[in-house]
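Residue numbering restarts at 1 for every chain, and letters A, B, ... go by the order of the sequence lines. The model shown is predicted, which means the values in this text are computed figures rather than measured ones.
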There are 2 protein chains.
Amino acid sequence: MESDPSIRQAGALSGPCSRWPAEHGETIRQIIERAGNKWAVLVVSSLQGGPLRYTDLLHSIPGLSQRMLTHTLHQLRRDGLITRTAYPEVPPRVVYALTDLGTTLLIAITTLIDWAGTHHDEIQDNRTRFDTAEAIT
Amino acid sequence: MESDPSIRQAGALSGPCSRWPAEHGETIRQIIERAGNKWAVLVVSSLQGGPLRYTDLLHSIPGLSQRMLTHTLHQLRRDGLITRTAYPEVPPRVVYALTDLGTTLLIAITTLIDWAGTHHDEIQDNRTRFDTAEAIT
DNA sequence: CTGTATCCACGGCGATACTG
DNA sequence: CAGTATCGCCGTGGATACAG
């Protein structure tokens, strides 16, 4: 089993950052991190087109391991972003789908993806220039 | 469409996810991860109010170590999200500020933060319920 | 098919000490 | 003040094997 990242170093971030809504700083940070999690984002966006089965998800996301899929699904389910429906059949069939909440998150994430797409070239260019300038130094 | 070539590469994640604009998958993933990086988000949002010096940043973000601040500033600067201005004085004075690009990212990120703020309670509730149900099982 | 458990390598990150 | 360098812990996540 893997320890939940929410149990990280209690001492450090006890005080919420003053820039965000302070009351919920802790949870909000966790949510932001979830949204920044590669696998979580990929799973959610894979479910955009409709419900999918475990194996379908596994194969629709290149590089995703069973371990991480299971872990990610667990997290997302815990947050109420997706639902799990198991049919008592043989062989077993389990279907995952976005909840309404999950859908709204997807929309928010899409904003970011759009931003990334829009500024992709600019950033790529910045990096190249930065690295070049650094190499001279 | 069945894609089942030998997917055994580790870490690399060579194949972009089909759900996003494929051409830029690599970079976009990195950008998303940057946006999900705790320190990067905090630094950027700390600069929202205007330029700040190294030490100011260090003190305005609880839990942030010198190492991580330096590292994060380096990253953000490389992407062209912030600028660094050093004044040749004694003692040295260095000021960091958001670029226009950085400002647009902040706006995109703010969307996410707002989402997090809006659904904070709902998620908290979901988690509690999920953990409770699990404990019974 | 749908997971769960174990092993382990790699990297993130905090702590600390030192330089210009 | 504004970094850089080094060390060490431990979380992350891939590979693999096993179970329901």
Original post:
In terms of the nearest nucleotide of DNA chain D, which residue is placed more toward the 5' end: B/R53 or B/H74?
Top reply: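 Closest to the 5' end, via its nearest nucleotide, is B/R53.
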
The side chain of [X] lies closest to which of these nucleotides: [options]?
X     : options               : answer
B/M68 : C/dT2, D/dA2, C/dC13  : C/dC13
B/P92 : D/dG3, C/dG20, C/dG14 : C/dG20
A/Y54 : C/dC13, D/dA2, C/dG3  : C/dG3
A/Q66 : D/dG3, C/dG20, D/dA17 : D/dA17

Subject >> Pair A/R127-A/D131, salt bridge (charged side-chain N to carboxylate O under 4.0 Å, His left out): steps then yes or no >> reply: CA-CA 6 Å; A/R127 286 182 183 171; A/D131 293 344; over 6 Å; no

Original post:
Has B/R67 got a side-chain N or O lying under 4.0 Å from the OP1 or OP2 atom of D/dA5?
Top reply: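 For D/dA5, neither OP1 nor OP2 has a side-chain N or O of B/R67 closer than 4.0 Å.
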
Original post:
Does B/Y96 place a side-chain N or O at less than 4.0 Å from the phosphate oxygens OP1/OP2 of D/dC1?
Top reply: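 No, no such contact exists.
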
**OP:** For residues A/L64 and A/L69, report the shortest heavy-atom separation together with the two atoms involved.
**Re:**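 Of all heavy-atom pairs spanning A/L64 and A/L69, the closest is CD1-N, 3.6 Å.
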
Subject >> Spacing between A/H71 atom NE2 and C/dA5 atom P, to the nearest angstrom >> reply: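 Going from A/H71 (NE2) to C/dA5 (P), I get 14 Å.
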
Original post:
So, A/N37 versus A/R34: side-chain donor-acceptor pair below 3.5 Å or not?
Top reply: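 Their side chains do not contain a donor-acceptor pair, so the 3.5 Å distance test is not met.
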
Original post:
Hey, does A/T70 reach any base, or is it just sugar-phosphate, or nothing, if we go heavy atoms under 4.0 Å?
Top reply: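 Base, at least one base atom sits under 4.0 Å.
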
Original post:
What nucleic acid atoms does B/Y87 come within less than 4.0 Å of, heavy atoms only: base, sugar-phosphate, or nothing?
Top reply: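 The answer is nothing, as B/Y87 stays clear of every strand by at least 4.0 Å.
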
Original post:
Should B/V94 and B/L52 be regarded as members of a common hydrophobic cluster, given that ILVMFWY residues are connected when their side-chain heavy atoms come within less than 4.5 Å of each other, either directly or indirectly?
Top reply: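 In one cluster with B/V94: B/L52, yes.
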
